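Structure record follows, encoded as structure tokens.
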Amino acid sequence: MSFQPPKGTDDIAPPQSEPWRRLLRDFDALASRYGYGLIITPVFESTDLFERGVGEDTEVVQKQMYTFTDRGGRSITLRPENTAGVMRAYLAGGGAGISKVAYSGPMFRYERPQAGRRRQFWQVGVEYLGTESPIADVETIVLARDFLGAAETPTELVLNSLGDGVCRPAYLSLLNRYLETKRGALCDDSLARLPSNPLRVLDCKVCAPLLVDAPLMADHLCAPCVQHYEAVKNALTGLGIDYRQDSRLVRGLDYYVRTAFEFVSTTLTTAQTALLGGGRYDGLAEVIGGKGAPGVGWAAGVDRILLASKMTAAPPLDAYVVVEAGRSPLDALRLAGRLRDAGLSADFEPEGRSVKSQFRSAERRGARSTVILSERGAQVRIDGDKADLAAEEVATWLSIRLQG
Ligand code: HAM
């Protein structure tokens, strides 16, 4: 049998997994500092949830879902995204008041795999539920900016307003009338999208030159949407956060109203450059059958971010414990335990190999120091220095030395 993972999926293993670990830790710490509690929802949900929430006419629902019938005859789908699941969970909990939640986990979309576009990919994301305040939109954007800063990757914030249930229908009829006049020249993809998802036609790179004079949502917003959009933009400007308005920014999921944004990589040369995307979804709760509840949030693709990130591989081990004659791997485990308790990273070789081979392992691991355990006690070797110590002194001595 083949040991390769299924097409479009990856094994994320050391040493490549080290930046993953750091990024997930950074996300966790940041989200917690911003007051977002952890939410864990099922990796699979009733198919219905995504058909209604994400939208039957979207590519995600039409072409990309992993859907199957379970042994109880229910139609189940591996989550292609997590906003619908989080909203479902919020409604299951009563759907009242403000809730700020953060998540991290795998999502599944049957896409044509390429760099940064996987069939199983990892998202981290936040949802700010229960408020229409534009300041909530802005707070999620500030958090996104901080998170991508921690990921050491330059991006540009692209912003748009998609209107709401009041102004968008009128705009869509205008857009449809306009697109009908271009029908003969549209590409096949756009023609297929035209009846159900005309906004996506605006997004088509092939048809873009034909559509330069298309009517844009931003010019047809109703007064409350204008007010909301202005409040978001003013707050961003006041906080010194640069953004570029793009009236053609359309997101691939149907639930968005008003604010839509993406952080796009300015360095990636692959086709997939949107590292993080999100927006407001005040109609989602009702679409999935609940009472109205507004919300705003974003999700970022960890696989994609790490393609663009300057984050380096594993930080070197603080100490590698080598045992000489008369000392056993169990002694090394004990000493490594002392170092680990002191917050240092430490490792050793468990099989009682030769001293020479243990030193080779220490070197291979790039250890910052080596601790040699013999019947006489411990000797720490670091940066060409040697210090003879009692085993119980090593952790304190090394902590001071490594921090200094
Ligand atoms: P999305 O734009 O579909 O939005 O995905 C968000 C991010 O997930 C993308 O910017 C990208 O980095 C990553 N991503 C998406 N598909 C793939 C893929 N096939 N392979 C690798 N990475 C991928 C959502 O999912 C919304 N739920 C975001 C949201 C949260 N909106 C409001 N709250």
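All ligand and atom numbering here is 1-based and tracks the order in the structure. Worth saying up front: this structure is predicted, and the values here are computed from it rather than measured.
The distance criterion of under 3.5 Å between nitrogen or oxygen atoms is met by A274 with respect to ligand 1. Where the criterion is an N or O separation shorter than 3.5 Å, residue side chain and backbone included, R118 meets it with respect to ligand 1. Every N/O-N/O distance between D303 and ligand 1 stays at or above 3.5 Å. Residue-to-ligand polar distances keep Y103 apart from ligand 1: every N/O pair is separated by 3.5 Å or more. An N or O contact shorter than 3.5 Å links R251 to ligand 1 by distance. Checked by distance only, ligand 1 and E262 stay at 3.5 Å or farther apart across all their nitrogen or oxygen atoms. In terms of polar-atom proximity, defined here as any N/O pair under 3.5 Å, A300 makes no such contact with ligand 1.
Aromatic ring orientation, F261 versus F263: perpendicular (interplanar angle above 60°, classes split at 30° and 60°).
Which parts of ligand 1 touch Y281 is read off a 4.0 Å heavy-atom cut-off, strictly below it: atoms 32 (C), 33 (N). Listed by number with element, the atoms of ligand 1 under 4.0 angstrom from any heavy atom of Y256 are 26 (C), 28 (C), 29 (C), 31 (N), 32 (C). Each of the following atoms of ligand 1 lies closer than 4.0 Å to a heavy atom of Y255: 26 (C), 27 (N), 31 (N). Which parts of ligand 1 touch L275 is read off a 4.0 Å heavy-atom cut-off, strictly below it: atoms 10 (O), 12 (O). The atoms of ligand 1 that sit less than 4.0 Å from any heavy atom of L276 are 10 (O).
Remark: R177 does not engage E180 in a salt bridge, criterion side-chain N to carboxylate O under 4.0 Å. Classification of E156 and R244 as a salt-bridged pair holds, one side-chain N sitting under 4.0 Å from a carboxylate O.
Ring to ring, Y256 and Y281 are not that close: their centroids are 6.0 angstrom or more apart.
A donor-acceptor contact closer than 3.5 angstrom links the side chains of T83 and E127.
Cation-pi contact between R365 and Y320: absent, since separation from the ring centre below 6.0 Å together with deviation from the ring axis within 45° is not met.
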